[in-house]
Amino acid sequence: MGVVDDGDLVVDAGNSNWRHSLAHCDVLGERGIGFVDVGVSGGVWGLEDGYCLMVGGRTADVQDLQPLLRALAADGGYSHVGPAGAGHFTKMVNNGIEYGMMQAYAEGYEILRASDMEIDLAATFQVWRHGSVIRSWLLELLADALSDDPELDRVTGDAEDPGEGRWAVQDAIELAIPAPAIASALFARFASRQESSPAMRAVAILRARFGGHEIPS
């Protein structure tokens, strides 16, 4: 007897690639085992503030899980979004959108910080939390961080990409869907891990050669 048997139900609530979820569903299905993929969004604060569940799988399997899913999810934060693979596909897109939103806030912060107007960065982000059209939980997190450290001096600029944003860009290419905001945010993550970008060094030397522009030391 194996770990799972005919009639059992496997739930994958990790940040898995949706294509892997489809393959797992097929393999398990051949043995009469159900499979449900659950995309989870809410971050480390999900335990306190609640999180949402994006569920993919057969209707009968998802219905069997409903009591558990409703108990775990935030109020209104559970939905059966489609067949097997759909839970992780929608979570992938969720993370892609997250990349774009975070990058927009980060670029706005850098513009404000570079200004000669001596803008109160913490006060700016705090006021945006109240009535602004760009308010969000991500904004609240950044506003709180800036209240503690407006210059972010205690933070390094190395931002990893755990995979979902990269997968979202790859699928956008496969589907011929323009996704410039998500793609740019992903590439910005790559740039953050380069102490001195070879590409930008090449740009600097080209500007110096054709236009005599000074190369910063």
Side-chain angles (χ1 to χ4, degrees), residues 3-105 129 134-145 159-172 174-175 177 179 181-183 185-186 189:
V3 176
V4 290
D5 297 303
D6 183 28
D8 286 345
L9 179 60
V10 172
V11 180
D12 181 353
N15 284 329
S16 302
N17 189 301
W18 67 274
R19 290 183 171 84
H20 297 167
S21 299
L22 288 178
H24 295 156
C25 181
D26 289 342
V27 170
L28 292 170
E30 292 173 357
R31 299 175 54 188
I33 300 167
F35 177 84
V36 171
D37 56 297
V38 182
V40 183
S41 181
V44 296
W45 293 102
L47 183 62
E48 296 182 13
D49 300 332
Y51 45 86
C52 83
L53 303 176
M54 297 149 273
V55 185
R58 293 191 312 152
T59 299
D61 291 336
V62 175
Q63 286 179 341
D64 287 343
L65 284 175
Q66 276 192 358
L68 176 62
L69 297 170
R70 286 175 175 164
L72 291 173
D75 186 26
Y78 147 66
S79 185
H80 182 194
V81 296
H88 287 150
F89 188 90
T90 54
K91 175 58 165 63
M92 174 191 73
V93 176
N94 173 280
N95 277 48
I97 294 170
E98 173 191 304
Y99 273 49
M101 291 176 65
M102 286 193 290
Q103 187 64 27
Y105 287 135
R129 298 173 63 174
I134 63 169
R135 62 188 183 275
S136 73
W137 183 52
L138 289 173
L139 176 63
E140 292 177 10
L141 294 175
L142 183 53
D144 288 342
E160 296 295 325
D161 67 293
E164 295 93 333
R166 192 180 299 209
W167 300 338
V169 172
Q170 291 169 345
D171 273 284
E174 291 292 328
L175 296 168
I177 299 297
I182 297 174
L186 173 65
R189 298 279 184 100

A.B. asks: Does the side chain of Trp167 pick up a donor-acceptor pair with the side chain of Asn95 at under 3.5 Å?
C.D. replies: no
A.B. asks: Are Asp26 and Arg31 within salt-bridge range, i.e. N to O under 4.0 Å?
C.D. replies: no
A.B. asks: Got a donor-acceptor contact below 3.5 angstrom from the Asp61 side chain to the Val36 backbone?
C.D. replies: no
A.B. asks: Rounded to the nearest 0.5 Å, what's the gap from CG on Asp171 to CE on Met92? Could you check?
C.D. replies: 4.0 Å
A.B. asks: Atom OG of Ser41 and atom NZ of Lys91: how far apart are they, to the nearest 0.5 Å?
C.D. replies: 5.5 Å
A.B. asks: Heavy atoms only: give me the nearest Leu47-Tyr51 pair and the separation to one decimal.
C.D. replies: N-CD2, 4.5 Å
A.B. asks: Is there side-chain contact between Asn94 and Thr90, with heavy atoms separated by less than 4.5 Å?
C.D. replies: no
A.B. asks: Please output the side-chain donor-acceptor pairs of residues 73-82 that fall under 3.5 Å, not counting sequence neighbours, one pair per line with the distance.
C.D. replies:
| residue | atom | partner | partner atom | Å |
| --- | --- | --- | --- | --- |
| His80 | NE2 | Gly57 | O | 2.8 |
| His80 | NE2 | Gly82 | O | 3.0 |

A.B. asks: Would you say that Val38 contacts Asp12 through its side chain, given a criterion of any heavy-atom pair below 4.5 Å between the two side chains?
C.D. replies: no
A.B. asks: Would you say that Leu9 contacts Ile33 through its side chain, given a criterion of any heavy-atom pair below 4.5 Å between the two side chains?
C.D. replies: no
A.B. asks: Sequence neighbours left out, what passes side-chain hydrogen bond (donor to acceptor under 3.5 Å, both in side chains) with Glu98? Give chain and number order.
C.D. replies: none
A.B. asks: Hey, does the side chain of Arg189 reach the backbone of Glu160 with a donor-acceptor pair shorter than 3.5 angstrom?
C.D. replies: yes
A.B. asks: Taking atom CG as the centre, does Leu175 end up with more than 12 heavy-atom neighbours from other residues, nucleotides or ligands that are less than 6.0 angstrom away?
C.D. replies: yes
A.B. asks: How long is the gap from CG on Asp161 to OH on Tyr99, to the nearest 0.5 Å?
C.D. replies: 4.5 Å
A.B. asks: Would you name the heavy atoms of Ser16 and Ser21 that are closest together and state the gap between them?
C.D. replies: CB-OG, 4.2 Å
A.B. asks: Backbone N or O of Gly14 within a donor-acceptor pair of the His88 side chain at under 3.5 Å?
C.D. replies: yes
A.B. asks: Just verifying a value: how many Å separate Arg58 CZ and Cys25 SG, rounded to the nearest 0.5 Å?
C.D. replies: 8.0 Å
A.B. asks: Quick check on Trp137: does its CH2 atom have over 12 non-hydrogen neighbours (other residues, nucleotides or ligands) under 6.0 Å away?
C.D. replies: yes
